[in-house]
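So the structure is just underneath, and the comments pick up after that.
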Amino acid sequence: MHLSMLDWSIVIAVLGTTLFIGLWVSKRSSADSNSFFLASRNMPWWLLGGSMVATTFATDTPNLVTNIVRSNGVGGNWIWWSMLITGMLTTFVYARLWRRLGVATDLEFYEFRYSGKMAGFLRGFRAIYLGVFFNIMIMAGVTLAAVKIGAVLFGSEPKQLVLIAGIITVIFSAVGGFLGVILTDIILFVIAMVGSVAVAYYSVNHPEVGGLSALIEHDNVKDKLSFLPSFDDPQQFIPLLIIPLFVQWWSVWYPGSEPGGGGYVAQRMLAAKNEKHAIGASAFFNFCHYALRPWPWILVALASLVVFPDLSSLEKALPNVPKHLIQDDLAYSAMLTFLPAGVLGIVVASLVSAYVSTISTSLNWGASYIVNDVYARFVHPEASEKKKVLVGRLSTVLLMLVACSIALLLESALQAFRLLLTIGAGTGLLFLLRWFWMRINAWSEITAMVASFVISLAIEFGPFDHIVEWQKLVYSIALTTACWIAVTLLSKGEKSEKINEFKQTVDLKDGEIRKGMWAALFGTVFVYSALFSTGAWLFDREWLALSLAVLGLLTLTLAYKKALPKEYSAA
C-alpha cells in the first residue's frame, strides 16, 4: 500500500511542526537542567494533563487494546482499566505530596525519606533500573508497534522504519527538552484523537461490517461485547477482573500507573506551577485516559473480528509482513489499509504523533534520571548546568539506540505489557505506604526491587509452564511483598530526626488524606460511569447508558462538593 501525495503532505506537515517547536524552544530549554527537564516549574494543569494523556497514547496502545479485545472481549480491558484506582489516589492523595517535595526527579524522594549511604545507593540504583531498563522496554514496545504499522502500510523493512522513526524523534527530544515535549504533546494528542476516531468510523462502515448496528449483532462479535468477563469460566473472570481489581492495581508498578505516582507522571506534577495545578493535571489525565479514549480503539478491534476473524486471514491479507509479526495486535494496522487518501494521511500522522509523544517523553524522563540521579549525584557533583544539558542530550541518543535494538526482538505489544507487569509485581504496596508507614526504610525498597526482578524472571523463564499467567503474577506479588515486609520488620528503622524532617516537608494536615481518599473513590466511580455509559450508548443499551450517566453526575457532584478540600476545586 502506498500513501498519496496528500497523505505524505499531512505526515510531513505534522513532523515539520514538531521539529519547528523543538528548535523554537531549544534556547530556553538549554538554559539549565531545570529548564531542560522541568520547563522551569511553571506549567499550568491543562498543559501538563494534556501532555500526560498524549504520552500514554502510544503507537502500541491501539495494538494492545486490539489484542485484548480480540482475545478476551471488551471486558478483557480490565487488565488496564483497573489502574484508574491508582490514578485517582495519585490525583487526590499523592499529587500534592510530590509537589511539596520540590525535587527535580521523583527519585530524589529517597534522600528526603531515608538517610545514609543506602539512600544514595537506592537513588542511583533505581535511576538505572527504571530510567534505563524499564524505560528501554517501554520504548521497545512502542517501537515494535511502529515496525508493525510500517510493515503493513508501507511494506518497509523493520530496521529501515526503526532507523527513520528513531532519528526524527531523538533529534526533537535532544533539542527541545521537556518544554518542547509538553508543547507539542497538546497538538499531537488532538491529531491522534482525530485519527483514532477516523479509523473507527471507516472500520465500522467497512462493507463487510455494515455499520454499528450490524457490527454488534455479528456472530463474531456478540460474545465480545460484555463490559465484564464471563463469570461462568474462572479462567476468564479471575485473571481479567478479580486479579486486576483486587490485586494488580495496588501491587504492580507500571509506567504511567505507578502506585503513589512516579515516573513521567511525577515529572509533570513536579513541573506544575503549584500543588493545585499538579492535582488538576492528574485529574484531567485520568478522565481523558480512561473515559475519553478507549472506545474508538475498541470499535476498530471489534470490526477487525469481522474482516479478519483469525490469524490465518491476517496472514493471507498481508503476505509481505514477516510471519513472526502476525499476531492479534496486527489487526489494528490491517484495518488502516482500507482508509481513503487524505484520511490515511491523517491517521498515519496521528500514529506518528503518538509515537513521537511517547518516545520523546520516555527519552527526556530517562535522561533526567541519568543526569540528576547518576551523573550529577555520583559522577560529577560540581558539573555545570551546560554540561548537565549536554549529558542529557547524549543520554537521549543512547537510550533510543538500545530501545530500537530490543524492539526488533519482540513479537507483540501484549508480550511487552505482560513482561513489564510481571517484573514490577509486588512493589506497588510499598510505594503507597512509604509516605505514611515510617517503619519502611531503604532496605525495604532495595529488597522489593531485587526480589521483584529475580522472582518474576525465575517464574517467567523457569520450569513453570504448567502455571497460567495470572498465577505467575500472583505468586510474584506474594513472594516479593513477603520479602520486603519481612526486611522492613527485621531491619533498623530510620532515625526520628529524618522522619520528622520528612513529615515537615510534606506537611500533612489533619483529615487531608481521608478527604483525598473519599475524592479518589467518588472520582473513580465517576470515570467508570462515563466510560461504560459511552459504551452502553454505542451498543444500543439506552437505559443502561442513562443510568450510568446519572450515577456519574452524582458521584462527580459528591467528589466536587463534599470530598474535595476547597483548595482542590480551585485547581
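Because only heavy atoms are used, hydrogens play no part in the values below, and waters and symmetry mates are left out as well, while side chains stay in. Just so it is clear, the structure is predicted and the values come from calculations on it, not from any experiment.
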Sidechain-backbone polar pair: S476 side chain, K472 backbone, donor-acceptor under 3.5 Å: no
Note, K388 side chain near H380 side chain (heavy atom, < 4.5 Å): no
NZ/K387: more than 12 non-hydrogen atoms of other groups inside 6.0 Å: no
Heavy-atom side-chain proximity of V402 to S405 below 4.5 angstrom: no
Main-chain N/O of L432 paired to Y94 side chain as donor or acceptor, under 3.5 Å: yes
Non-hydrogen atoms of T480 and A448 that approach each other most closely: CG2-O, 3.6 Å
Shortest non-hydrogen contact between W297 and P62, atoms and distance: NE1-CG, 3.6 Å
Check: Y264/D106 side-chain N/O donor and acceptor closer than 3.5 Å: no
Geometric class of the W435/W98 ring pair [parallel <30°, tilted 30-60°, perpendicular >60°]: perpendicular
Evaluation steps, side chain to side chain contact (heavy atoms under 4.5 Å, CB included), between V65 and Y332: CA-CA 9 Å; V65 172; Y332 188 89; over 6 Å; no
Spacing of CG belonging to N441 relative to CD1 belonging to I446, to within rounding of 0.5 Å: 9.0 Å
Check against side chain to side chain contact (heavy atoms under 4.5 Å, CB included), M449 and W484: CA-CA 9 Å; M449 285 187 296; W484 74 256; over 6 Å; no
Nearest non-hydrogen partners of E494 and A442, listed with the distance: OE2-N, 4.3 Å
Pairwise distance CG(N135) to OG(S362) - rounded to 0.5 angstrom: 4.5 Å
Worked verdict on N274 versus H277 for side chain to side chain contact (heavy atoms under 4.5 Å, CB included): CA-CA 5 Å; N274 50 48; H277 283 269; 3.2 Å; yes
Side-chain (D329) to main-chain (N67) donor-acceptor, under 3.5 angstrom: no
Check: N286 side chain, S282 main-chain N or O, donor-acceptor pair, under 3.5 Å: yes
Heavy-atom check, side chain of R126 versus side chain of Y369, under 4.5 Å: no
Contact summary for G426 and I477, nearest pair of heavy atoms: N-CG1, 3.7 Å
Approximate separation, where rounding is to 0.5 Å, of L292 CG and F189 CZ: 5.5 Å
Step-by-step side chain to side chain contact (heavy atoms under 4.5 Å, CB included) determination, Q327 to N63: CA-CA 10 Å; Q327 305 286 335; N63 292 27; over 6 Å; no
Validation row, ring centre W45 to ring centre F284 under 6.0 Å: yes
Closest non-hydrogen atom pair, G523 against M88: O-CE, 3.6 Å
Ring center gap for W78 and W249 short of 6.0 angstrom: no
Reported OG1-to-CD distance for the pair T488 and E445, which is rounded to 0.5 angstrom: 9.0 Å
Non-neighbouring partners of F121 that pass ring pair (Phe, Tyr, Trp, His ring centres under 6.0 Å), sequence neighbours left out: F125
Neighbour count >12 (heavy atoms, 6.0 Å) for atom CH2, W443: no
Criterion salt bridge (Lys or Arg N to Asp or Glu O under 4.0 Å) on E111 and R377, from CA distance to verdict: CA-CA 11 Å; E111 295 192 289; R377 174 62 179 82; 2.7 Å; yes
Over 12 foreign heavy atoms within 6.0 Å of CH2, W437: yes
Whether R100 side chain and T505 backbone form a donor-acceptor pair below 3.5 Å: no
Under 3.5 Å side-chain donor-acceptor pair for R434 and S444: no
N/O donor-acceptor pair under 3.5 Å between T184 side chain and V181 backbone: yes
Under 3.5 Å side-chain donor-acceptor pair for T105 and D373: yes
Ring geometry between F133 and F453 (parallel below 30°, tilted from 30 to 60°, perpendicular above 60°): perpendicular
Parallel, tilted or perpendicular: ring planes of Y110 versus Y114, cut at 30 and 60 degrees: parallel
Salt bridge (Lys or Arg N to Asp or Glu O under 4.0 Å) contacts touching residues 243-272 (sequence neighbours left out): D185-R268
CD1 on I138 to CH2 on W365, rounded to 0.5 Å: 4.5 Å
Nearest-0.5 Å distance that lies between atom CD in E275 and atom CZ in R99: 8.5 Å
Non-hydrogen atoms of M52 and V265 that approach each other most closely: CE-O, 3.9 Å
Donor-acceptor contact below 3.5 Å, side chain E108 vs main chain A104: yes
Side-chain donor/acceptor of T56 to backbone N/O of V53, under 3.5 Å: yes
